[in-house]
J.: 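If you scroll down you'll find the structure; I have some questions about it.
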Amino acid sequence: DSSDPQPPMLTLALSKGRIFADTVPLLAAAGIEVAADADSSRKLIIPTGDPGLRLIIVRATDVPTYVQYGAADFGVAGSDVLDEHLAQAGDHALYQPIDLGIGRCRMSVAARVGFDYEQAIRRGSRLRIATKFTAIAREHFARKGVHAELVKLYGSMELAPLVGLADAIVDLVSTGSTLRANQLVEVEQIGEVSSRLIVNQASMKTRAEALEPLLRRLAAAVAQRDREAKS
Ligand code: ATP
Ligand code: MG
C-alpha cells in the first residue's frame with residue numbers, strides 16, 4: 001500500500017530491575033541505544049535510538065501476556081515466568097527463539113535447616129509447599145510422586161517455613177544468601193533458569209521484515225558476549 005510507506009514500529013516488553021539492566025547492553029551491542037535514565041524514569045513507554053523500536057515496561061510476570069496478545073511484538077522473560085505462563089497458555093502460545101543467557105539462577109526446593117527433606121520424601125509424607133511458581137512445583141512433585149499441597153504466595157517465600165505455613169518452598173536461588181539469612185537450605189535443584197527472548201506468533205509472520213534483522217543482531221550479540229566470556 002503506497003499510502004503506508006512506514007514500516008510498523010516494533011514494541012519490546014521488558015521488566016524493570018535485573019532484566020532491564022542485563023538487556024540494555026545486549027541491545028547496545030545490537031546497535032540500539034536506550035537512554036541511561038530509562039530504568040529510573042516513571043515512563044512506561046520508552047523510545048530507543050532506533051525509530052522503529054520502542055520499549056514498554058511491565059511486571060516480569062506480565063511480559064508473556066503482553067507478547068502473547070500482541071500488545072508487544074517481543075519481550076524478555078525469565079524461563080521461570082515463561083514456564084508458568086505456558087503451563088496455562090499452552091507450549092505453542094509464544095515463540096522463544098533466543099536464550100539470552102541473562103538473569104541466570106536456578107529453581108530449587110528449600111527447607112528449614114534441620115528439616116529432613118529426603119526422609120520426608122522416602123516416608124511418603126504429604127508436604128506443604130509455598131511458592132509463587134505453582135505450575136513448576138506441581139509438575140516437579142508429580143514427577144517425583146510426592147504428595148504436595150501447594151500454597152500460592154506472591155513474595156517473601158522464605159518466611160513460610162519459618163512461621164509454619166509450609167514445610168518447604170520452591171523459589172529462585174542464585175547465591176543462596178537470602179536462604180542462609182533465613183536459616184533455610186537448598187535441598188533439591190529443579191532446574192536452571194535464564195531469560196529468553198519471546199516473540200508474538202503473528203508478529204513473527206506479519207512483521208518479519210522488521211523483526212528478523214533485529215533478532216539476528218541480538219543473537220549475534222549474545223554469541224559475541226559468550227565468545228568473549230570464554231577467552
Ligand atoms: P514480579 O514481582 O513482577 O513477578 P519480580 O519482582 O520477581 O517479578 P525480579 O526480581 O526482577 O522480578 O525477577 C525477574 C526475573 O529475574 C525472574 O523471573 C528470574 O528469571 C530472574 N531472577 C530472579 N531472581 C534472580 C536471581 N537471584 N538471580 C538471577 N536472576 C534472577
Ligand atoms: Mg523479585
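Just so you know, these numbers come straight off a predicted model, no measurement behind them. Position 1 is the first residue of the sequence; numbering continues from there. Just so you know, ligand 1 is whichever comes first in the structure, and atom 1 is the first atom listed for that ligand.
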J.: Are V187 and L150 connected in a single hydrophobic cluster, I mean Ile/Leu/Val/Met/Phe/Trp/Tyr linked by side-chain heavy atoms less than 4.5 Å apart?
T.: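 Result: yes, single cluster for both.
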J.: Can you find an N/O atom of S174 closer than 3.5 Å to an N/O atom of ligand 1?
T.: yes
J.: For atom 3 (O) of ligand 1, which of K16, E84, R59 has the closest heavy atom?
T.: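 It is R59 that holds the nearest heavy atom.
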J.: With heavy-atom distances below 4.0 Å as the criterion, list the atoms of ligand 1 near V81.
T.: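 Near V81, the atoms of ligand 1 are 18 (O).
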J.: From R104 CZ over to L172 CG, what is the distance, rounded to the nearest 0.5 angstrom?
T.: 14.0 Å
J.: Any luck finding a side-chain donor-acceptor pair between S108 and E186 under 3.5 Å?
T.: yes
J.: Relative to ligand 1, is V193 under 4.0 angstrom through side chain, backbone, both or neither, heavy atoms considered?
T.: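 Only the side chain of V193 comes within reach of ligand 1.
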J.: Counting each atom of ligand 1 from 1 as listed, which ones have a heavy atom of G78 under 4.0 Å away?
T.: 20 (O)
J.: Keeping to residues at least two apart or across chains, list the side-chain hydrogen bond (donor to acceptor under 3.5 Å, both in side chains) pairs with something in residues 148-173.
T.: none
J.: For V109 and F141: C-alpha separation, side-chain torsions, deciding distance, then whether side-chain contact (heavy atoms from CB on, under 4.5 Å) applies.
T.: CA-CA 10 Å; V109 183; F141 290 108; 4.0 Å; yes
J.: Quiz question: by atom type and distance under 3.5 Å, do the side chains of Q201 and Y95 form a donor-acceptor pair?
T.: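 Side chains of Q201 and Y95: no pair found under 3.5 Å.
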J.: Numbering the atoms of ligand 1 from 1, which are under 4.0 Å from a heavy atom of D80?
T.: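 Close to D80: 17 (C), 18 (O), 19 (C), 20 (O).
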J.: I'd like to check whether A60 has a polar contact with ligand 1, where a contact means an N/O of the residue lying under 3.5 Å from an N/O of the ligand.
T.: yes
J.: Which of these passes side-chain contact (heavy atoms from CB on, under 4.5 Å) with P161: I169, N182, V113?
T.: I169
J.: Examine G103 against ligand 1 and note whether any of their N/O atoms are separated by less than 3.5 Å.
T.: yes
J.: Pick one of side chain, backbone, both or neither for how K132 approaches ligand 1, counting any non-hydrogen atom pair under 4.0 Å.
T.: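 Near ligand 1, K132 shows its side chain, while the N, CA, C and O stay back.
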J.: In ligand 1, which numbered atoms sit nearer than 4.0 Å to a non-hydrogen atom of L172?
T.: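 Answer, ordered by atom number: 17 (C), 19 (C), 22 (N), 23 (C), 24 (N).
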